Amino acid sequence: MLLRFCLAACRPAGRALALPHSVPLSRFSQRSVHQLAFATAAASRSPFCALSAAFTSHPSSSSSIRSSPLSTLAQMSNPTDLVEKAKKAAAFAAVDEYVKDGMTIGVGSGSTIVYAVERIVERVKAENLKLVCIPTSFQARQLIVEGGLVLSDLSRHSAIDVAIDGADEADAQLNCIKGGGACMLQEKIVAYNAKRFVVVADFRKKSETLGQQWKAGVPIEVIPLAYVPVLRKLESFGGKPVLRMAKAKAGPVVTDNGNFVVDCDFGLIQDPAALDKRIASIPGVVETGLFVNMAEKAFFGMQDGTVETRTKN
Ligand SMILES: O=C(CO)[C@H](O)[C@H](O)COP(=O)(O)O
């Protein structure tokens, strides 16, 4: 079942979901399997499937692996496996707590959300839930369609009961950096129009201050013709902006909305609300990946298999 979702999630790989090649891979390594999936996409053109397929096929795929103590040890401490289990645990917990019969659900984007949709589909089948799903990206739309869920949009269903989405980082106040998958514009529109917005993430995304864990910078969606002056302006704000480049295409990543993405490193972000406003005020900026004061709860899958939650004070 999960593999089916992964395959669905893989299809939209071509455009927006690519590793920013201007950013050294080492800045993502270890911490972000999400980005590793993007790196994998460079070779396979399938950003999420390689990763999730690895998760689904991993545990007992080979008897020789099971019989080798060294392999077993490697398997037990495999960081990819831990991260995938953490994502799944967080996503399942959030869906179980928030999704109720009759709801309109905002479906986020990324690799963790694949597990949330898996759980929604399971529950729809088991409990005969009547749900309507609003996607936040091409990928989310594919997940909804492939899962056999009811697809709608904001024109038909503008009142969303709950939006569930991943994050690249969430701080102690539940402010988030989002847009590692370049979907932040639609994600923010859906989250803004949801009565409740909840975040699902693995342990690597949990921090006290934004910029502590996510080192690739704040994703910013920019109108293509404005990207050079926007880069200059961001530099004048003290940021280190780079245009996100595609891996499976020559040139920049192009979002689902036909725009570019600039990733701008500001170091530790002490005042995300002020920074968000400042960036958004630059003509040509369509949206930032700073989600300030939007989430009411975050579910973090931890290394030990538990799920930790944070709620807004
Ligand atoms: O904002 C996003 C896409 O634009 C994702 O939600 C965010 O990048 C987290 O992704 P993942 O669940 O793969 O770690």
Side-chain angles (χ1 to χ4, degrees), residues 5-6 9-10 12-13 15-20 23 28 30-41 46-52 54-55 79-80 82-92 94-95 106-118 135-143 163-170 175-191 197-207 210 213-221 244 253-257 259 261-263 286-291 294-295 298-301:
F5 287 114
C6 298
C10 295
R15 296 203 311 161
L17 300 170
L19 184 70
V23 180
F28 298 97
Q30 308 303 321
R31 259 207 310 262
S32 180
V33 177
H34 165 88
Q35 296 295 352
L36 180 60
F38 290 175
T40 308
S46 47
F48 299 116
C49 68
L51 189 59
S52 296
F55 172 65
T80 304
L82 273 184
V83 168
E84 288 306 300
K85 283 182 173 154
K87 288 179 185 185
K88 184 173 182 173
F92 273 47
V95 169
V107 176
S109 307
S111 55
T112 313
I113 220 64
V114 173
Y115 296 113
V117 175
E118 181 192 357
T136 56
S137 63
F138 187 94
Q139 180 224 1
R141 187 180 189 282
Q142 292 284 82
L143 290 171
I164 303 177
D165 206 344
D168 300 305
E169 187 173 9
N175 300 312
C176 299
I177 292 179
K178 288 184 47 54
C183 307
M184 61 281 189
L185 173 57
Q186 292 183 37
E187 289 173 334
K188 204 182 258 191
I189 293 169
V190 168
F197 174 50
V198 296
V199 166
V200 290
D202 61 77
F203 49 90
R204 302 163 307 160
K205 317 294 184 66
K206 186 175 176 222
S207 77
L210 294 181
Q213 300 282 36
W214 179 254
K215 301 293 184 190
V218 177
I220 302 164
E221 183 152 347
R244 191 183 296 185
V253 165
V254 178
T255 69
D256 287 349
N257 319 297
N259 296 315
V261 175
V262 170
D263 293 294
V286 181
E287 194 47 89
T288 84
L290 288 168
F291 283 48
M294 294 184 83
F299 293 76
F300 298 101

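Remember, predicted model here, so these are calculated numbers, not experimental data. Both ligands and their constituent atoms are indexed starting at 1 by order of listing.
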### Message
Checking contacts here: is it the side chain or the backbone of Ser137 that comes within 4.0 Å of ligand 1, counting heavy atoms only? Could be both or neither.
### Response
neither
### Query
Is Gly108 near ligand 1, meaning one of its heavy atoms is under 4.0 Å from it?
no
### Side-chain heavy atoms of Val114 within contact of Leu143, under 4.5 Å
yes
### Query
If you measure from each non-hydrogen atom of Asp165 to ligand 1, which part falls under 4.0 Å: side chain, backbone, both or neither?
side chain
### Message
Consider side chain to side chain contact (heavy atoms under 4.5 Å, CB included). Of Lys188, Lys178, Met184, which one does Thr288 pass it with?
### Response
Lys188
### Test item: Pro219 and Arg244 side chains (from C-beta on) under 4.5 Å apart, heavy atoms
yes
### Query
Quick one: are Asp263 and Ile220 in side-chain contact, heavy atoms under 4.5 Å?
no
### Message
Please list, in number order, the atoms of ligand 1 under 4.0 Å from a heavy atom of Ser111.
### Response
11 (P), 12 (O), 13 (O), 14 (O)
### Query
Does the cation-pi check pass for Lys205 over Phe300, that is, NZ or CZ under 6.0 Å from the six-membered ring centre and within 45° of its axis?
no
### Under 3.5 Å: N/O of Ile113 near N/O of ligand 1
no
### Task
Look only at interatomic distance and state if Asp168 has a nitrogen or oxygen under 3.5 Å from any nitrogen or oxygen of ligand 1.
yes
### Query
Roughly how far, to the nearest 0.5 Å, is the OG atom of Ser109 from the CZ atom of Arg141?
13.0 Å
### Message
So for ligand 1, is Gly110 a polar contact partner (N or O within less than 3.5 Å, distance only)?
### Response
no
### Query
Which option out of Cys183, Gly166, Cys176 puts a heavy atom nearest to atom 4 (O) of ligand 1?
Cys183
### Query
Do Val286 and Asn257 come close enough that some side-chain heavy atom pair is under 4.5 Å?
no
### Side chain, backbone, both or neither: the part of Ala182 lying under 4.0 Å from ligand 1 by heavy atom
backbone
### Query
Quick one: which ligand 1 atoms are inside 4.0 Å of a heavy atom on Gly179?
1 (O), 2 (C), 4 (O)
### Message
Would you say that Val190 contacts Asp165 through its side chain, given a criterion of any heavy-atom pair below 4.5 Å between the two side chains?
### Response
no
### Task
From atom 5 (C) of ligand 1, work out which of Ser109, Gly180, Ala91 has a heavy atom at the shortest distance.
Ser109
